[in-house]
Amino acid sequence: MQTNILSLCYLIGSVSFIIGLKMLSHPATARKGNLAAAAGMAIAIAGTLFLYRPAGIEFHNFQWIGSALIIGTVIGSVAARKVKMTAMPEMVSLFNGMGGLCAALISIVEFGHIAQDHAAMHVLSIIAGMIIGSVSFSGSMIAYGKLSGKITDHAFRGQHIFNLVILFVILVMSALIVMGYIAVPIFIFCIILALSLVYGILFVLPIGGADMPVVISLLNSFTGIATACAGFLYNNPVMLTGGILVGSAGAILTILMCNAMNRSLKNVLIGSFGGAKGASGPAAGGEGAYKEISLNDAAMVMGYAHKVIIVPGYGLAVAQAQHACHELEKSLRENGVEVKYAIHPVAGRMPGHMNVLLAEADVSYDDLLELEPANEQFSSADVVLILGANDVVNPAAENDPASPIYGMPILEVGKAKLVIVNKRSMRPGYAGIENQLFFLPNTSMLFGDAKDVLQQLISQVKAL
Amino acid sequence: MQTLLDFVQNNLQQFYIVILSVFLGIEVISRVPSVLHTPLMSGANAIHGVIIIGAIIVMGEAPSDNYLVLALGFMAVIVGTINVVGGFVVTDRMLEMFKTGKQASSKQIKEN
């Protein structure tokens, strides 16, 4: 009876994951989809806690399980509630790393049981779960460090070959253990664990920070596969379906993200931004002169324009200037100016980052233009105000084949009559490349922190 | 070779689940708009937190006097829970903002 109810719980869990994912991919149902998946998860966990009674083994330690669940819930919910909107990508990466660590820890414990039960496929799923979980854990931690600015890009000569060698060693050692050639595999197992962690670090380290969303999505898919390995090990259908679903959905999502940037996954993983810098250096060349515009003039041209298009970027997120941005939009509207927002699919640190941020400041959904409609409207705009965006408006993506971002669709802001670029300094953007847009005759620079600049613009526009 | 064939035969059901789930995962999200990429990734991230069930099983089966296993299992349950709870809460926060954005826009339309 108990086992039957447990099976039912797992069935409900699996179905809720499928329905949840399906609903998450449509804007209208996304939030309910998330709740459905969470409810299914709760049922599956509660079922395991109260109904899972394996034959012949005493199931106990409830005090430990309970307290660990409470500690984890408190840490997880506090972290998720406290995190600022700008730091959400880092948070997702961190949570993904936790999942990978969990998979690795389970495999380490289960490895201790191998001595009693040496079915080759059993060992294989333990080792595969451990390797994939560790790679996902250490990789996610590096991605987290990069997004939060704690770690910079590192690459050394022949790193790709070095990585391949590590991967090869890991695979050979695992094969030897699985086939049973190694009598006392504990030592080898530890080496595989250490190498997997190192591989995760070296795998992510050379990849440019701008590509981290793709990497996190890929690691997310990895953790899904590690979960499925554990599902195989325990013959647990909900872990198996959940893991494989995330594994395949994550892989497709990774490819969709690459497509949004018009790049291939291979290009993202191997042709990292860091490595291409030298090649594009001379081509970019010619550090032309740039014009500055005063706050006064900027407020004037915007206040008397017919149409202003705002292009937000990561700078807006860093300065937490979304509310000020909405204020400026409102005061411009009071002056009879038409205001729109042009959102590049990869503006910010993650696809959809800007939508989330502007929605937080109550910016109307109808005023957000996607890439193609935005590009149609730029030529009719009097002023384009760029707030901390850089690579997504860099014309090098269209006309400089040597540029690492060549081929990425960009917002063609140069078609507007006047482009005002707000940046903190002339430093290049996240991809580390020069932006020729800043030197165009119809571009003016407005230096300063996005929030300060916006607040001053608001008071100037109001005074008009 | 024989072991592999036996293995497939003995776990036929699982193999069917794996293969069907792969296609299901691809099918379910293949038409997602780019706005939802981040929330979807975050939601999927929370779903693979189902690994926590494995951690609970490890803990439940661990002998009460094997402190190494208990400590590792304890850690595993904590990090797994962080993954699940944090993942769903973060996703909900992201999507909540989309919702208020929409409500605000419909309100504005009414005002106009």
Side-chain angles (χ1 to χ4, degrees), chain A residues 17 21-22 24-25 30-31 34 37-38 48 57 59 61 64-65 68-69 71-73 75-77 79-80 91-92 95-96 98-99 101-103 105-106 109 121 217 220 223-224 227 230 234 239-242 244-246 248-250 252 260 345 350-352 355-356 359-360 362 364-366, chain B residues 3 7 17-18 21-22 25-26 28-29 32 34-45 47-51 53-62 69 72-92 94-95 97-99 101-102 104-105 108:
Chain A
F17 292 163
L21 267 184
K22 180 82 196 160
L24 266 170
S25 56
R31 200 167 177 208
N34 185 49
T48 312
I57 307 169
F59 200 77
N61 297 322
W64 294 111
I65 299 176
L69 280 172
I71 295 172
T73 307
I75 297 177
S77 54
M91 211 66 216
V92 174
F95 289 146
N96 183 45
M98 293 297 114
L101 179 61
C102 186
L105 287 172
I106 290 173
V109 172
M121 286 300 161
S217 178
N220 192 20
T223 315
T227 305
Y234 294 117
M239 287 169 76
L240 198 58
T241 40
I244 293 286
L245 262 182
V246 174
S248 72
I252 287 296
M350 283 210 170
N355 303 69
V356 173
E360 191 196 344
D362 282 340
S364 165
Y365 228 65
D366 310 323
Chain B
T3 31
F7 178 72
I17 295 182
V18 168
S21 299
V22 167
I26 295 170
V28 152
I29 67 141
V32 57
S34 68
V35 183
L36 282 176
H37 281 174
T38 302
L40 183 64
M41 174 160 92
S42 177
N45 175 38
I47 288 176
H48 71 51
V50 72
I51 185 83
I53 289 179
I56 293 175
I57 294 175
V58 162
M59 272 300 266
E61 290 179 352
V69 170
L72 289 175
F74 192 66
M75 274 276 287
V77 176
I78 291 180
V79 293
T81 321
I82 294 177
N83 185 187
V84 172
V85 177
F88 281 123
V89 173
V90 152
T91 315
D92 192 57
M94 284 184 199
L95 294 168
M97 295 187 169
F98 281 89
K99 214 178 160 199
K102 274 197 174 158
S105 77
Q108 272 179 356

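Given the structure is predicted, the values throughout are model-derived calculations rather than measurements. Below, chain A is the first sequence line, B the second, and so on; all start at residue 1.
- Between B:Leu40 and A:Leu21, some side-chain heavy-atom pair lies under the 4.5 Å cut-off.
- Only the side chain of B:Val84 comes within less than 4.5 Å of a heavy atom of chain A; its backbone N, CA, C and O stay farther away.
- The candidate from A:Ala80, A:Gly242, A:Gly76 with the greatest count of non-hydrogen atom pairs under 4.5 Å with chain B is A:Ala80.
- Contact detail for A:Val246 and B:Ala44: the closest heavy-atom pair is CG2-O, 3.3 Å.
- Ranked by heavy-atom pairs under 4.5 Å with chain A, the first of B:Ser42, B:Gly87, B:Gly86 is B:Gly86.
- For the set B:Gly80, B:Gly60, B:Ala62, the entry with the most heavy-atom pairs within less than 4.5 Å of chain A is B:Gly60.
- If you measure heavy-atom distances from A:Ala79 to chain B, you find no contacts under 4.5 Å at all.
- Heavy atoms closer than 4.5 Å to chain B are found in the side chain of A:Met91, but not in its backbone.
- Note: B:Ala76 leads B:Ala76, B:Gly43, B:Gly49 in heavy-atom pairs under 4.5 Å with chain A.
- Looking at heavy atoms from C-beta onward, A:Leu24 lies out of side-chain contact with B:Leu36 at the 4.5 angstrom threshold.
- The most heavy-atom pairs under 4.5 Å with chain B, out of A:Thr227, A:Thr223, A:Ile75, A:Asn220, come from A:Asn220.
- Side-chain contact between A:Ile106 and A:Tyr234 is present, with heavy atoms from C-beta onward closer than 4.5 Å.
- Side-chain contact between A:Val109 and A:Leu105 is absent, with no heavy atoms from C-beta onward closer than 4.5 Å.
- Contacts with chain A were tallied for B:Ile56, B:Asn45, B:Val89; B:Asn45 has the most, counting heavy-atom pairs under 4.5 Å.
- Between chain A and the options B:Ile51, B:Asn83, B:Val85, B:Val28, the largest number of non-hydrogen pairs under 4.5 Å is found for B:Ile51.
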>> Test side-chain contact (heavy atoms from CB on, under 4.5 Å) on A:Asn355 and B:Met94; report intermediate values, then the result.
In response: CA-CA 10 Å; A:Asn355 303 69; B:Met94 284 184 199; over 6 Å; no

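- Distance check: B:Ile57 CD1 to B:Met59 CE gives 13.0 Å after rounding to the nearest 0.5 Å.
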> Yes or no on side-chain contact (heavy atoms from CB on, under 4.5 Å) for B:Phe74 and B:Val69, after CA distance, side-chain angles and deciding distance?
Replying inline: CA-CA 8 Å; B:Phe74 192 66; B:Val69 170; over 6 Å; no

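- Proximity to chain A (any heavy atom under 4.5 Å) is shown, for B:Ile29, by both the backbone and the side chain.
- Ranked by heavy-atom pairs shorter than 4.5 Å toward chain A, the options B:Ile53, B:Val32, B:Val18 are led by B:Ile53.
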